[in-house]
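The block underneath contains the structure these notes are about, expressed in structure tokens.
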Amino acid sequence: MLLLFNCYELAQLPINLGRLINLRHLDVRSTNLKEMPPHMDKLKDLHTLSDFVVGKQTAPSIVVLKELQIVGTLAISGLHNIVNSEDAFVANMRNKHLDGLALTWGAETDDSQKDREVLNNLQPHTHLKALSLKFYGVETIGPEFYGNGVSVVMPFRSLSVLFFKDMLGWQEWSHFGSSQEGGAFPHLCQLYLTNCPKLTEKLPEYLPSLTTLEIRRCEQLLGSLPRTRAILEIPSVKDNLCLEEKTSGTNSSLTPFPCDGLADALRVSLNLHHLSPLNHCYAFLQTLKIKSSCDSTKSIPLDYFPRVKELKLYNCRNLESFTYSQDSESPIILSLSSLRIFNCPNFVSFPDGGLYAPNLIVLNISESYKLRSLPEHMCTSLSSLQAVILEYCSELESFPEGGLPSNLDMLRIFGSKKLIANRMHWGLDRLICLRYLAFSFDECEDVVSFPEEGLLPTILTTLCIFNSPNLKILDSKGFQNLTALQHLFIDGCNELECLPEGLPTSLSHLDINKCPLLTQRCQNEIGEDWPKISHITRVTVDGLD
């Protein structure tokens, strides 16, 4: 065995590699090989070969593969260097019992006829499980993709996963049949299209086994979603994929994608420019992800999605609020269990009167710089809340009246200057289930000493302090009552001078990272702070135990 996997700078193998007549396994994945060495055909016992690189004219030709009885998976690159397309036929890929085959051309190829012939001549056996084509220039996927109709067998009857990625010239995808009886891909479970900017034709109409559909950066793609019996997951879909906007003069109408045939657990991310006329179509959604495509959306009526369990918002630059529709007055959102809001800089408020989501477990808000308040009456309306994560909400000043729900198990607050300044009014001592607490005092210049006496609940088991450049003192009084504390993590506190006296005897793990003043003080046996921590089972400083 010769295993050279991940030798990124390796550009050449020994020219006498052919002498290794007992070589059975050669792995050169993730290397920088430009060509294969001569006399590869002498390796009669070679059982597996990860990669074969077709070099320039002076390098061994692809025909040497004819002599190798390799199995498993094989990646052939540099196919643009083949001079005679017949060499690809001589390589005899049809008779090699491969499970996977990857074929890669060079980006600079300009002979489409030769490329087509090479591809045809490299046809593998019919039991292949995985096929990858890279840098084969494609503008149209037409009847030849389905065998030109020469066979009555349904095409791609076993294919389960299909990727199209970075196909910059691809414009048209014609489909084989449209009815349930005659369509292709009867067992296709996952379909991925990424960065195909010129593709305009619609997707196949019927994919009965589809469970995952992912579409990214396909701006021209039009038409409806495929009908399927299963779940769909569409992490980043342009609105014109899901909607056809028909314009006549000054009037426009919207045709939503068909809801029939879609499972209850549809996962979808949409552009919500036209949310209001479409609310009847999304009442069945259980997972909704809105990402960077709703620039004109300023509010989202939550009652449009009564069955949503997971709601995620990313980079919605103009989103300002959650609301309820005019026909609804503070409804109960029973299904919602997870609400995550990331980088929505203009998000200001939750619905007036509060957010009634009794089954909400996780609330995560990050980089919402204008948010001034959390939902009203959180302690009662969000009674199942277990985790609250607030990061860089610079205008948030306090928790609502009544404080946080008593069931809260985890609280994480990073870089929210005004909120942290009011920390003595949080009422953490009332949280009888709070086990995990994490802080970052980044952008909080006034926090020099922490924690204050009586601030932290006695039931706490994990305390994390991250990225606090001005923190100098850990106050021993704040640790006196932490009789259940087991884990203490301190990271990125450049000015922290020393550890406090009287750390809890329950402490079993102390982890210190990027705290230069503590590094010397916590050295095993000889550090000035060692007597304070010698009772701790595991002490880790800068990754070292």
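Predicted model only: the values in this text are computed from it and were never measured.
Applying the side chain to side chain contact (heavy atoms under 4.5 Å, CB included) test to Glu395 and every residue at least two apart in sequence or in another chain returns Arg372, Lys418. Partners of Phe164 according to the ring pair (Phe, Tyr, Trp, His ring centres under 6.0 Å) rule, which considers only residues two or more places apart in sequence or in another chain, are Trp170, Trp173. With sequence neighbours excluded, the residues forming a ring pair (Phe, Tyr, Trp, His ring centres under 6.0 Å) with Phe156 are Phe145, Phe185, listed by chain and number. Under the rule for a ring pair (Phe, Tyr, Trp, His ring centres under 6.0 Å), the partners of Phe342 that lie at least two apart in sequence or sit in another chain are Tyr314.
Judged by distance alone, with hydrogens and angles left aside, the side-chain atoms of Ser337 form a donor-acceptor pair with the main-chain N or O of Lys309 at under 3.5 Å. Remark: the backbone N or O of Pro504 is not paired with any side-chain donor or acceptor of Ser506 at under 3.5 angstrom. No donor-acceptor distance shorter than 3.5 angstrom exists from the side chain of Ser349 to the backbone of Ser321, with no hydrogens or angles considered. Between the side chain of Asn359 and the main chain of Leu334, a donor-acceptor pair closer than 3.5 Å is present.
Between Phe350 and Phe347, the distance separating the two ring centers is shorter than 6.0 angstrom. For Phe414 and Phe441, the distance between ring centers is not under 6.0 angstrom.
Inter-residue side-chain proximity for Met410 and Arg412 is flagged as met; some heavy-atom pair is nearer than 4.5 Å. Contact annotation: the side chain of Leu474 approaches that of Phe479 to within less than 4.5 Å [non-hydrogen atoms, C-beta and beyond].
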Please assess Glu320 against Lys370 for the test salt bridge (charged side-chain N to carboxylate O under 4.0 Å, His left out), listing each intermediate value before the final yes or no. CA-CA 9 Å; Glu320 295 180 357; Lys370 293 186 178 181; over 6 Å; no

One pair to check against side-chain hydrogen bond (donor to acceptor under 3.5 Å, both in side chains): Ser338 and Arg340. What are the steps and the verdict? CA-CA 7 Å; Ser338 175; Arg340 303 174 190 271; 3.2 Å; yes

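A ring pair (Phe, Tyr, Trp, His ring centres under 6.0 Å) check over residues 361-413, counting only residues at least two apart or in different chains, returns the pairs Phe399-Trp426.
Within a 6.0 Å radius of NE2 in His509, more than 12 heavy atoms belonging to other residues, nucleotides or ligands are found.
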List the atom pairs, donor and acceptor, that lie under 3.5 Å between side-chain atoms in residues 485-500 and the rest of the protein, sequence neighbours left out.
| residue | atom | partner | partner atom | Å |
| --- | --- | --- | --- | --- |
| Asp491 | OD2 | Asn513 | ND2 | 2.9 |

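The side-chain contact (heavy atoms from CB on, under 4.5 Å) with Leu390 is formed by just one residue from the set Asn364, Leu371, Leu374, Ile420; it is Leu374.
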